[in-house]
There are 2 protein chains.
Amino acid sequence: MKTSTDTRQRLLDSARELLYSRSYGNVGVKEICDVAGVQKGSFYHFFPSKQELTLAVLDEFFIISKQEIFSRSFRPEWSGLKQLNALLENIYLFQNSTKEQIGKTLGCPYGNMSSEMSTQDEVIRQRLNGLLQQMEMSLKTALEQAVHEGEIAPCDTAATAAAMFAFIEGLMLLAKTRNDPELIRELGVAMLTIRIGEPAAT
Amino acid sequence: MKTSTDTRQRLLDSARELLYSRSYGNVGVKEICDVAGVQKGSFYHFFPSKQELTLAVLDEFFIISKQEIFSRSFRPEWSGLKQLNALLENIYLFQNSTKEQIGKTLGCPYGNMSSEMSTQDEVIRQRLNGLLQQMEMSLKTALEQAVHEGEIAPCDTAATAAAMFAFIEGLMLLAKTRNDPELIRELGVAMLTIRIGEPAAT
DNA sequence: CTTGCGCTTTACCGATCGGTCAACTATCAT
DNA sequence: ATGATAGTTGACCGATCGGTAAAGCGCAAG
């Protein structure tokens, strides 16, 4: 049998919301259990430690990111440029939805976790790094499509995608600090001006 | 009398290092006191709470940032473009120094604190927002100088400076996640390609 | 019906959390 | 010399931390 109860999933959901809206160090497993309606003993039946739970939450976040953000942006039938613009818009919509629901701009779940934990937990840092790399690859693919279609001038697509990704992370961090998701819309347009590597001039 | 002992300063130094290299939630006032060689009772003689200590640490960080980064980058005798490049280089040097000393890329102290605390402590969030605004203003001044000197094409300098600042924050966050400060050098060049707002075409 | 097992419950562990308190010492001006 | 004041000390508070142990539960396969 795979799962006879939904306890594990409820713990995952509870932890995801709490860790995202607050932080690792300021959310205890007791609180995660309370929100999930689960006893602490049950928690440790499903997860050997808070660290392992966090890794599972990051993977869960990645699935949700793909559903809510990436699959709605990187549509192959769209042009590369349209995909890049859609990415910015969907990130804005996501940040704006939490702002309207709880009054707070939460920023990027991976960026938040990395800022707090990368220096304190090497396992978590590596997981975050891997997830970020995957997202960067998706961005690179869209960028290459835009270049191929002539919407963006040829460039070093790997480096440019990485720079664009850094820009997006910075946008979300500043939006969180100002508690204003509109910043993403105001400054997001600059992403398309970013470029590294000139085409070989003939 | 102003200060009859250096206890307060030692607490500030201890807290600055611990909060920067770890995080707010995972550093206790007990540990801050131990590193400073101070009893906990003394701590609460100088600071009414951990929150107030954190605010003082942020201000301390800002002073150090001006000394180590800004004053070495925004030299009026330099051209605007040179100032912007110097900023990137000095940020790289700063991140690289901690990597060589303790093996870890720590990222931006304000970005780290904001990621962890902006949703949990409104006072800290506002302080961070204010400090970030000041830094953005310095960047804007250098950018305007570069535009005035014809090194960069005219643009919306306020928005462009904000976008450049977001890019820098994103760079430091990714460098931290990869634990590799070289990323700042590899991608930093893209900052100068960022622009928002066309000059009014005549 | 019974055995086994996935899951839950509850009590508990030592350690640490942020913060308080009253007693104490050192230094200063009067 | 004395009193006021700044600073220090170490014990202490209730609460919470991440994690453990053992007994008990319901259910499905034999």
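Each chain gets a letter, A, B and so on, in the order the sequences are listed, and its residues count up from 1. Just so it is clear, the structure is predicted and the values come from calculations on it, not from any experiment. No hydrogens, no waters, no symmetry mates; every other heavy atom, side chains included, goes into these values.
In this structure, the CG atom of A:Asn26 is 18 Å from the P atom of C:dT16, given to the nearest Å. Here D:dT5 presents its C1' atom at 13 Å from CZ of B:Phe46, a figure rounded to the nearest Å. As a whole-Å value, the separation of A:Leu53 CG from D:dC17 P is 14 Å. We find that CD of A:Gln51 is positioned 14 Å from C1' of D:dG19, with the value rounded to whole Å. Atom CD of B:Gln9 is separated from atom C1' of D:dG7 by 17 Å (rounded to the nearest Å). What separates CG of B:Leu11 from P of D:dG7 is a distance of 12 Å, to the nearest Å. C:dC7 atom P lies 11 Å from atom CZ of A:Arg8, rounded to whole Å. Between B:Lys30 atom NZ and C:dT16 atom P there is a gap of 7 Å when expressed in whole angstrom units.
Distances shorter than 4.0 Å separate some side-chain N or O of B:Thr7 from OP1 or OP2 on D:dT8. Between B:Tyr44 and the phosphate of C:dG19, there is a side-chain N or O to OP1/OP2 separation shorter than 4.0 Å. Within the 4.0 Å cut-off from OP1 or OP2 of D:dG10, at least one side-chain nitrogen or oxygen of B:Gln39 is found. Of the side-chain N and O atoms in B:Ser49, none sit less than 4.0 angstrom from OP1 or OP2 of C:dG18. Contact check, B:Lys50 against C:dG18: a side-chain N or O comes under 4.0 Å of OP1 or OP2.
A donor-acceptor contact closer than 3.5 angstrom is absent between the side chains of A:Asn129 and B:Thr177.
Of the inter-residue distances, the one linking B:Asn112 atom CG with A:Ser115 atom OG reads 5.0 Å to the nearest 0.5 angstrom.
B:Lys82 has its side chain out of reach of B:Asn85: every pair of non-hydrogen atoms, C-beta onward, lies at least 4.5 Å apart. You'll find the side chain of B:Lys140 stays beyond 4.5 Å of the side chain of B:Met164, heavy atoms only.
Comparing A:Pro48 and A:Glu31 against DNA chain D, the residue whose closest nucleotide sits nearer the 5' end is A:Glu31.
Residue contacts for A:Gly28: at a heavy-atom cut-off of 4.0 Å it reaches the sugar-phosphate backbone alone, with no base atom in range. Within the 4.0 angstrom heavy-atom criterion, no nucleotide atom of any strand lies near A:Phe43.
A salt bridge between B:Glu116 and B:Arg125 is absent, with no side-chain N of the basic residue lying under 4.0 Å from a carboxylate O of the acidic one.
One N or O donor and one acceptor, one from the side chain of B:Lys40 and one from the base of C:dG19, sit under 3.5 Å apart.
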